[in-house]
Colleague: 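I have a structure here, written as structure tokens, and I will follow up with some questions on it.
What you see below is based on every heavy atom in this structure, not just the backbone, and it leaves out hydrogens, waters and symmetry mates. Below, read A as the first sequence line, B as the second, and so on, with proteins coming before strands; counting in each chain starts at 1.
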Amino acid sequence: MNLFEHVLRSGRIFANKDVLRPSYIPAYLPHRKEQIERLAEILSAALRGETPSNILIYGKTGTGKTATVKYVAQELERMAKQIGSKTEVIYINGEIFDTQYRVFAYLARIFNRKVPMMGWPTDVVFEAFREGVDRERRCVIVVLDEVDKLVKKGDEVLYNLSRINSDLRRAKVSVVGISNDLTFTDELDARVRSSLGEEEIVFPPYNAMQLSDILKQRAELAFREGVLEEGVIPLCAAFAAQEHGDARRALDLLRVSGEIAERLGEEKVREEHVRLACERIETNKIAEVVRTLPLHSKIVLSAVVMLSKEHRKRRFTSGEIYSMYRKICGFVNIEPLTQRRVSDLTAELEMLGLVSATVVSRGRYGRTKEISLSVQESSLRDVLLSDYKLKSLSAFRLRTQMLLNEENA
DNA sequence: CCTCCACCGGAACGTGAGGAGT
DNA sequence: ACTCCTCACGTTCCGGTGGAGG
């Protein structure tokens with residue numbers, strides 16, 4: 001029997017899993033007709049040889065911004081080719097090209113200018129790009145995805161890009177900015193804001209019904225026929241709708257549900273698989289947050305975990321937590337921070353939703369914050385111990401347990 | 001009604017890392 | 001290569017406070 005034979009045979013669930021990935025662009029985008037038409041209308045100026053207005057697109061994650069823009073871009077380029085107009089769309093992700101230099105260097109290279117990875121002054125790179133585009137009559141639409149990330153490091157990119165047209169003789173350039181953050185224009189220079197935001201398109205979150213439609217459409221391609229039980233799609237949609245209608249989340253959920261069903265060797269995807277998937281995604285999300293926490297925050301969190309393990313109660317005063325925190329620091333040989341700082345760290349943990357804290361006054365016994373864990377302790381344990389500086393903590397627990405026993409005896 | 005606990009949380013300041021400018 | 005600036009992280013200092021118990 002071949003090693004891979006059972007893997008091939010077990011593929012009874014999925015027909016084409018890639019359809020569920022966020023990078024997939026469907027041929028039809030449900031419930032985005034309005035936005036697509038608006039975008040197409042604005043960009044169609046390019047086909048008439050005019051410069052399209054600059055556009056700003058807003059919407060939370062998973063509202064179809066990127067997919068819509070890519071879809072319209074495809075259609076635009078195809079039509080341009082048919083009618084022999086030189087129109088191209090360049091897609092740039094601001095998370096990957098996260099400095100002005102990288103953006104311009106990338107653009108310049110597209111237009112056959114040789115620009116080194118680094119070293120040149122930024123304005124020279126910009127000039128190389130400008131000259132490169134202007135070689136021919138054409139219209140270039142630059143899509144800046146996650147533009148808010150790029151702008152955090154200075155809005156000069158946008159300033160330069162939005163002013164480039166006045167220095168171009170043959171070519172035309174317009175900018176489409178995509179942002180998750182609705183308030184990001186506040187940080188922009190007023191001139192940039194007005195020139196970039198000539199047109200604005202908002203992508204509202206999907207509701208549960210709309211999410212269902214999206215999932216249905218993708219499921220048809222992604223899964224083999226009849227493997228999805230009836231309640232699966234509505235349940236995925238409902239879970240995702242609870243969290244600001246994120247379609248990416250819904251698709252993830254559906255995909256993970258399928259994977260779980262597959263791994264369990266089931267013939268069908270059932271609602272219980274969706275619930276398992278939901279839990280798994282949740283745990284992963286928490287683990288990811290905790291993993292990237294600074295060391296001392298991890299120790300504070302460990303302190304809360306330890307306390308809730310060793311005592312019956314769930315809530316602890318900041319004093320209790322601080323002394324446990326100091327104990328742990330002593331055990332793992334790390335200089336403890338002050339109580340003041342720890343109080344800020346707990347506030348951050350609260351912001352992240354890992355603990356919940358409320359100020360209570362206990363009269364004679366002072367005023368304090370009561371803090372409790374607001375996630376499953378089991379989803380924290382492994383990720384906390386995975387920090388190499390904290391790995392000895394598993395031993396710590398035994399030691400305090402012993403100390404407690406001795407005290408009692 | 002006053003006191004006083006056990007912290008909260010604001011303000012000012014110190015420090016080192018990293019970026020921009022030159 | 002250099003200075004200057006900003007920013008995140010921490011510390012020190014301290015005024016503020018809701019309510020149980022006297």
Colleague: Let me know the distance between CD of A:Glu335 and P of C:dG10, rounded to the nearest Å.
Modeller: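 For the pair A:Glu335 CD and C:dG10 P, the rounded distance is 13 Å.
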Colleague: Can you check the A:Arg102 CZ to B:dG19 P distance for me, whole Å?
Modeller: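 For the pair A:Arg102 CZ and B:dG19 P, the rounded distance is 10 Å.
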Colleague: A:Leu345 CG to B:dG9 C1': how many Å, rounded?
Modeller: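 Between C1' of B:dG9 and CG of A:Leu345: 14 Å.
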Colleague: Would A:Lys65 pass as a cation-pi partner of A:Tyr58, given that its NZ or CZ must be under 6.0 Å from the six-membered ring centre and within 45 degrees of the axis?
Modeller: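 Here A:Lys65 fails the 6.0 Å and 45° test against A:Tyr58.
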Colleague: Roughly, in whole Å, what's the span from CD in A:Glu370 to C1' in B:dC8?
Modeller: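 Result: 14 Å.
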Colleague: Just jot down the side-chain contact (heavy atoms from CB on, under 4.5 Å) partners of A:Gln35, sequence neighbours excluded, or say none.
Modeller: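 Here the qualifying residues are A:Arg32, A:Ile201, A:Phe203, A:Pro204.
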Colleague: Can you work out whether A:Arg340 or A:Glu348 has the more 5'-proximal nearest nucleotide on DNA chain C?
Modeller: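 The residue whose closest nucleotide sits nearer the 5' end is A:Glu348.
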Colleague: Decide side chain to side chain donor-acceptor pair (under 3.5 Å) for A:Arg48 and A:Ser85; before the verdict, give the C-alpha distance in whole Å, the side-chain angles of both, and the deciding distance to 0.1 Å.
Modeller: CA-CA 8 Å; A:Arg48 295 192 297 270; A:Ser85 128; over 6 Å; no
Colleague: Keeping the roles fixed (side chain from A:Tyr206, backbone from A:Ala240), state whether a donor-acceptor pair exists under 3.5 Å.
Modeller: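 Not a single qualifying donor-acceptor pair exists.
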Colleague: To check you understand the geometry: which heavy-atom pair defines the closest contact between A:Lys298 and A:Leu390, and what is its length?
Modeller: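 That closest heavy-atom pairing would be CB-CD1, 3.8 Å.
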Colleague: CG of A:Leu337 versus P of B:dG14: gap in Å, rounded?
Modeller: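 Distance, rounded to whole Å: 20 Å.
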Colleague: Does A:Ser318 put a side-chain nitrogen or oxygen below 4.0 Å from OP1 or OP2 of B:dC8?
Modeller: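 Yes, such a contact exists.
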Colleague: I want to check one thing: is the phosphate of C:dT11, taken as OP1 and OP2, less than 4.0 Å away from some side-chain N or O of A:Thr338?
Modeller: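 Yes, such a contact exists.
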Colleague: Separation of A:Gln339 atom CD from B:dA6 atom C1', in whole Å?
Modeller: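 About 9 Å, once rounded to whole Å.
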Colleague: What integer distance in Å separates A:Arg364:CZ from B:dT3:C1'?
Modeller: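 Atom CZ in A:Arg364 sits about 7 Å away from atom C1' in B:dT3.
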Colleague: Toward the 5' end of DNA chain B, which comes first, A:Asp344 or A:Gly366, by nearest nucleotide?
Modeller: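 Looking at DNA chain B, the more 5' nearest nucleotide goes with A:Gly366.
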Colleague: Does the side chain of A:Arg341 get closer than 4.0 angstrom to OP1 or OP2 of C:dG10 through an N or O atom?
Modeller: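 Indeed, a polar side-chain atom of A:Arg341 lies that close.
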Colleague: Would you say a side-chain N or O of A:Lys369 is under 4.0 Å from OP1 or OP2 of B:dA6?
Modeller: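 No, no such contact exists.
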Colleague: Check the distance between C:dG10's C1' and A:Tyr322's OH and give it to me in whole angstrom.
Modeller: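 Value for this atom pair: 12 Å.
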